Amino acid sequence: MYTVLPLDAIPAIREPTFVTGEAADGQMRPDEPVLGVVIDGEAHAYSLWQLDAHEIVNDTVGGRAIAATW
């Protein structure tokens, strides 16, 4: 087995914060890819450039605990 990174070298996002769609328009390119999750009408979008650095977001969407991974 070849180990590239030690255990827990890439920290998960444990308490994500979000901005409105309008605010995101000012921070993101129109073609910037996101990972989207919709549960029970509640939608969250995770920027893939942030997931490149963290790989996992622990979140609650629509009252359910989820792990969004990339």
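Index from 1, following the sequence. None of these values were measured; they are calculated from a predicted model.
Side-chain polar atoms of Ser47 and Glu32 form a donor-acceptor pair below 3.5 angstrom.
If you take CD1 on Ile13 and CD1 on Ile56, they are separated by 10.5 Å, rounding to the nearest 0.5 Å. The line from CH2 of Trp70 to CG of Asp52 is 7.0 Å long, rounded to the nearest 0.5 Å. Separation of atoms OH (Tyr46) and CZ (Phe18) is listed at 4.5 Å; rounding is to 0.5 Å.
At least one donor-acceptor pair under 3.5 Å links the side chain of Thr20 to the backbone N or O of Ala23.
Ile66 is listed as a side-chain neighbour of Ile39, based on a closest heavy-atom distance under 4.5 Å. With contacts defined as side-chain heavy-atom distances shorter than 4.5 Å, the pair Glu15/Asn58 does not qualify. Put simply, the side chain of Leu35 reaches to within 4.5 Å of the side chain of Leu51, judged on heavy atoms.
Nearest heavy-atom pair, Ala24 versus Val19, reported as atom, atom and distance to 0.1 Å: N-CG2, 3.8 Å. Of all the heavy atoms in Val34 and Met28, the pair that sits closest is CG1-CE, 3.5 Å. Residue Ile10 comes nearest to His54 through the heavy atom pair CG2-O, 3.3 Å, listed as atom of the first residue, atom of the second, then distance.
The residue from Arg64, Arg14, His44 that alone fulfils the side-chain hydrogen bond (donor to acceptor under 3.5 Å, both in side chains) condition with Asp59 is His44.
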